[in-house]
Number of protein chains: 2
Amino acid sequence: MSAEKVTIADVARTAGVSKGLVSFALNNRPGVGAETRVRILQVAQDLGWKPSLRARSLSTQRSFALGLVIARNPEVLASDPFFPSFIAGVESILAAERRALVLSVVPDEETELQTYRSLVADGRVDGVFLSDLRHNDARIPLLTELGLPAVTLGRPDGDSPFPAVTVDDTPGVTASVRYLAELGHRRIAHVAGSPNLLHGTRRREAFAAAMAAAGLPEGQTVETDFSVGAGSDATRQLLGQAIRPTAIVYANDPMAIAGLGVAHELGIRVPEDLSITGFDDIDFCRYVFPPLTTVSAAPAVWGRAAATTLLQLMEHGHADDVDLPAARLIIRGSAAPPLRP
Amino acid sequence: MSAEKVTIADVARTAGVSKGLVSFALNNRPGVGAETRVRILQVAQDLGWKPSLRARSLSTQRSFALGLVIARNPEVLASDPFFPSFIAGVESILAAERRALVLSVVPDEETELQTYRSLVADGRVDGVFLSDLRHNDARIPLLTELGLPAVTLGRPDGDSPFPAVTVDDTPGVTASVRYLAELGHRRIAHVAGSPNLLHGTRRREAFAAAMAAAGLPEGQTVETDFSVGAGSDATRQLLGQAIRPTAIVYANDPMAIAGLGVAHELGIRVPEDLSITGFDDIDFCRYVFPPLTTVSAAPAVWGRAAATTLLQLMEHGHADDVDLPAARLIIRGSAAPPLRP
DNA sequence: ATAGTTGGCTAAACCGGTTCAGTTGGCGGT
DNA sequence: ACCGCCAACTGAACCGGTTTAGCCAACTAT
């Protein structure tokens, strides 16, 4: 019941050795007699000694924490459940390692870079996750310069010294288009994500390629910022035309759900008059009507893999790229053959 | 360009004073000559000295970080944008204070308590936010015992030594019921949240009270865990009866949106055959069809207020309760007068 | 003139670990 | 019997701040 803090000095005294040796024993390093090591560890356990994270931080210059900086506009962040799931995955790994996650949510890219700088300056984290990769991402040179280990979620477009943990999303888009094409659709449109984001353009390119591969005319594409509101606007624009697409492939689920709302509002039936597909397989998909055909991305698994990779990089100074199972099409009820007019 | 770290010793030497005095000057404490203080601060600035957070942590036994532990089942967490917005609000305050947010997402309440213990044992945080209050919440005595400052999001039911930052949600529920009653509804049902959560039962009680106040018969209530799936099931149950409610008040928006899906599926028109209201005003509300009448809660504002209060508590040892503007009804298109059969 | 205060400052201990140069003792080799 | 070597271990410095005891000079009070 001794509420007093027990320090390494107490352990050393009780075990009749020096502080240094206790430290060696704890970090099981060579130079400690087998028997002595056992005795030290036993004493440490008896005394209930937990080495002080703060003291350790000061002398090792490490923080035993990982960082995640999120720069998204509030609306997109709020409607996209990617991060909660991703973080849950990350935590499931970190908890066992006695490491913590430091989270920053910032309003813009300028602040984002500043945040990385101060995380490093304050020594808050030993490594970071890089999400929402952008073209020619400024964070990569910055982190290289700062010497902070990182893992990228997806493969960046330029050179990168960091391991990439990737879920290939192009097969999902390709499968969506092929599925719609096989149902008989020819006028398929795409509501694309932000062109600044790598996965925004990648999905867009996959869409174009899949259309060509299916022998279809180039599909109409509308750019958005991935927000629900933008998805709604884009849909309204597409459906307001004299000759409408018979199917729309959305770059994420929130926009697809907004699209569903617009179709309902305009009296356009889904899937009879219009087929739609989403991307991400958020929980809502199963429960809107009709249930949304979409592409599954497993963010929690991604989080686990990213955390594991980042830890490995930090421990061993090197980690291999990881390719997770590609996103795959989940067929539900929001797509059907087009009506012959 | 000197990449070398500059320490307090460098500043002291350059300014021709002792380390201790530099420390005093920095934390502007008495005992430093006015002129000397200016000189020290000037030298510090010239040298670009940033005091080491780690060293400071060790000697002051503080971490300059705040904690948030979230224990929610993954499905609820993913579909509810409360936390992303709340966190964004918290960050907007912390960033200016050079403090960080340590986030933990845990699978169950057992792990949750364990997480608080280890956050304290490791000295990771100086204070925490308590969200999703439960009845007789075990976290309150635990944190009291651990001596960790905290702020509760909402007023707990038992005794609590911690300041509460509250958004009263009962007026929102009351307004919803009254609005529906004024439209002419008499059979109003409630899809309630988890009875373990304070706001779950509070909204439920507010519903019952509002029904009574409107002179209506007791409304049917179905309990859920706040998840989209449970909202869907509850709706199916309510609408599968011979005598159906003509309106449903949902305890959160995701469930209301799921309810909308079920109604569509069953061919029940909203709002002609069924009126529904949600709670939280998530972005989706505006973009589903019909747009969801709901109650707005402003989580980002809540986050700012909670962070401010927690910081004040930690600095001054005391902070007053804060009552934010009550949640209010946002009227959109998902409610209308009932049809006379 | 003398004792008592007080403001400004220094030196050193301290927080609790890690690390490294150096000491000791036991063992094998010749 | 002597040397060399290595494994085991100690002592002290170190990480970079904060804090306390105490010193000195100047100023007040009697």
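Keep in mind that this is a model prediction, so the values were computed, not measured. Below, read A as the first sequence line, B as the second, and so on, with proteins coming before strands; counting in each chain starts at 1.
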- [ ] Find which nucleotide of DNA chain C each of A/Asn27 and B/Thr36 is nearest to by heavy atoms, and output the residue with the more 5' nucleotide.
- [x] B/Thr36
Task: Residue met sooner reading DNA chain C from 5', once B/Gln61 and B/Phe24 are mapped to nucleotides - done: B/Phe24
Touch check for [X], heavy atoms < 4.0 angstrom, all strands: base, sugar-phosphate only, or nothing?
| X | value |
| --- | --- |
| A/Ser57 | nothing |
| B/Ser23 | base |
| A/Ser52 | sugar-phosphate |
| A/Gly20 | base |
| B/Val22 | nothing |
| B/Gly16 | sugar-phosphate |
| B/Arg62 | nothing |
| B/Gly33 | sugar-phosphate |

Rounded to the nearest angstrom, tell me the gap between atom [atom1] in [X] and atom [atom2] in [N].
| X | N | atom1 | atom2 | answer |
| --- | --- | --- | --- | --- |
| A/Leu21 | C/dG17 | CG | P | 15 Å |
| A/Lys50 | C/dG17 | NZ | P | 12 Å |
| B/Ile8 | C/dT10 | CD1 | C1' | 13 Å |
| A/Leu53 | C/dG17 | CG | P | 10 Å |
| A/Asp10 | C/dC14 | CG | P | 14 Å |

Salt-bridged, [X] to [Y], with N to O below 4.0 Å?
| X | Y | result |
| --- | --- | --- |
| B/Glu109 | B/Arg139 | no |
| A/Arg155 | A/Asp323 | yes |
| A/Lys5 | A/Asp10 | no |

- [ ] Classify the angle between the aromatic ring planes of B/Phe86 and B/Phe82 as parallel (below 30°), tilted (30 to 60°) or perpendicular (above 60°).
- [x] parallel
TODO: Verify, without hydrogens or angle tests, whether A/Thr144 (side chain) and A/Ile140 (backbone) share a donor-acceptor contact under 3.5 angstrom.
DONE: yes
TODO: Could you walk me through whether A/Arg54 and B/Ser63 pass the side-chain contact (heavy atoms from CB on, under 4.5 Å) test, one step at a time?
DONE: CA-CA 8 Å; A/Arg54 291 201 260 250; B/Ser63 60; 3.9 Å; yes
- [ ] For DNA chain D, note the earliest and the latest nucleotide, 5' to 3', having some atom under 4.0 Å of a heavy atom belonging to chain B.
- [x] D/dG16 to D/dT20
- [ ] Respond yes when some side-chain nitrogen or oxygen of B/Ser18 is under 4.0 Å from OP1 or OP2 of C/dT10, and no when none is.
- [x] yes
TODO: State, without any angle test, whether B/Ser57 and B/Arg62 hold a side-chain donor-acceptor pair at a distance under 3.5 Å.
DONE: no
- [ ] Map A/Gly31 and B/Ala9 onto DNA chain D by nearest heavy atom, then report which one ends up closer to the 5' terminus.
- [x] A/Gly31
